[in-house]
Amino acid sequence: MSNNKKELETFKSKRNFRSSPEPGGDDLNLEWAEERPVFVIQKHDASNLHYDFRIEVDGVLKSWAVPKGPSTDPKDKRLAMPTEDHPLDYSDFEGVIPEDEYGGGTVMVWDRGSYSNLKEADEGEEEPMSVSQQVEDGHVTIQLKGQKLSGGYALIRTGDGDDPRWLLIKMDDEGADARRNPTSTEPNSVKSGRSLDEIRAEEGNPDE
Ligand code: MN
């Protein structure tokens, strides 16, 4: 078992759970998930609208913020900025973070499901490189099985130093479709069917 306490210190230090409805990592069962490991893409209408791309790795959600969101066109390279690890139960979070809190704004479960490691074992090796090691190496290839997105995606680190940038790229397979544009044609939640406005209206605190 991996100890995810240390990985989640940054997540916890940035948040006040008395005023934010965000989950703090107590539920590791993920009742919504039929298969593991999971991925989730949360549409987050904060100071800038972006999509948080998260994958379950060693007991936490490794996370990247993707300003334009994922594409189904293999020609697109979408900038993905690494953010702090999130607890597994964050994959079920949809709601409104108060404006004066870190990440203040509305969060929607835009897509989610399970994924598998697409890396093949190197010659002479029995096991392919783990996804955890791929994250370390800056080159992750996984197969998504979501409700909107499916097939291979690569996350590739470019440049280095203190401000690494990653790119999220659709791999050219049967899940690829240059004519689809799911961020605009399928804008609503896969958890509740709601739009951002509906989540805001139903979950927002009228006293604020
Ligand atoms: Mn975010």
Side-chain angles (χ1 to χ4, degrees), residues 4 7-25 27 30 32-33 37-57 59-71 76-113 115 135 140 142 144 146-149 153 155-157 162-169 182-184 186-192 194-205 208:
N4 65 22
E7 281 83 351
L8 294 176
E9 271 171 17
T10 308
F11 173 86
K12 291 188 173 168
S13 72
K14 288 183 172 182
R15 288 168 174 81
N16 174 1
F17 294 102
R18 278 192 295 260
S19 57
S20 174
E22 295 168 288
D27 179 11
L30 304 190
W32 68 266
V38 299
F39 84 92
V40 61
I41 300 170
Q42 280 156 319
K43 189 167 164 181
H44 186 183
D45 190 13
S47 45
N48 293 301
L49 180 78
H50 60 274
Y51 293 76
D52 289 300
F53 188 92
R54 312 188 196 280
I55 59 175
E56 177 181 3
V57 180
V60 296
L61 294 171
K62 292 282 169 196
S63 299
W64 292 261
V66 184
K68 289 187 173 174
S71 174
D76 287 338
K77 295 178 172 64
R78 294 285 159 89
L79 179 65
M81 275 103 69
T83 57
E84 74 274 16
D85 295 346
H86 279 51
L88 291 179
D89 52 2
Y90 209 90
S91 60
D92 203 33
F93 175 63
E94 190 166 273
V96 178
I97 303 169
E99 286 303 330
D100 54 354
E101 290 291 321
Y102 177 74
T106 306
V107 177
M108 169 200 290
V109 176
W110 183 78
D111 196 16
R112 67 181 174 184
Y115 78 89
V135 173
V140 179
I142 53 176
L144 302 184
Q147 296 184 45
K148 293 173 181 168
L149 302 185
Y153 276 83
L155 273 159
I156 297 164
R157 188 170 57 215
D162 294 337
D163 188 23
R165 282 158 183 267
W166 293 62
L167 298 171
L168 175 66
I169 306 169
T183 51
S184 41
E186 300 167 65
N188 291 352
S189 167
V190 296
K191 177 181 174 179
S192 65
R194 295 181 295 181
S195 66
L196 280 173
D197 281 344
E198 288 167 334
I199 295 168
R200 232 181 328 263
E202 291 171 17
E203 315 270 350
N205 184 346
E208 286 182 24

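These numbers were taken from a predicted model, which means no experiment stands behind them. Whatever order the structure lists them in is the order used to number ligands and atoms, beginning at 1. When a residue number appears, it is its place in the shown sequence, counting from 1.
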Can you tell me how far CZ of Arg200 sits from CG of Asp45, rounded to the nearest 0.5 angstrom? 5.0 Å
Quick one: name the protein N/O/S atoms under 2.8 Å from the Mn ion (ligand 1), chain by chain. His44 ND1, His50 NE2, Asp52 OD2
Under 4.5 Å between any side-chain heavy atoms of Leu61 and Glu56, yes or no? yes
Would you compute the distance between atom CD of Gln42 and atom CG of Asp92 and round it to the nearest 0.5 angstrom? 9.0 Å
Please lay out, stage by stage, how Phe11 and Tyr90 fare under the test ring-ring contact (aromatic ring centres under 6.0 Å, His included). CA-CA 11 Å; Phe11 173 86; Tyr90 209 90; 5.7 Å; yes
Using 30° and 60° as the class boundaries, would you call the ring planes of Trp64 and Trp166 parallel, tilted or perpendicular? perpendicular
Kindly compute the distance separating CD1 (Ile97) from CD (Glu203), expressed to the nearest 0.5 Å. 12.0 Å
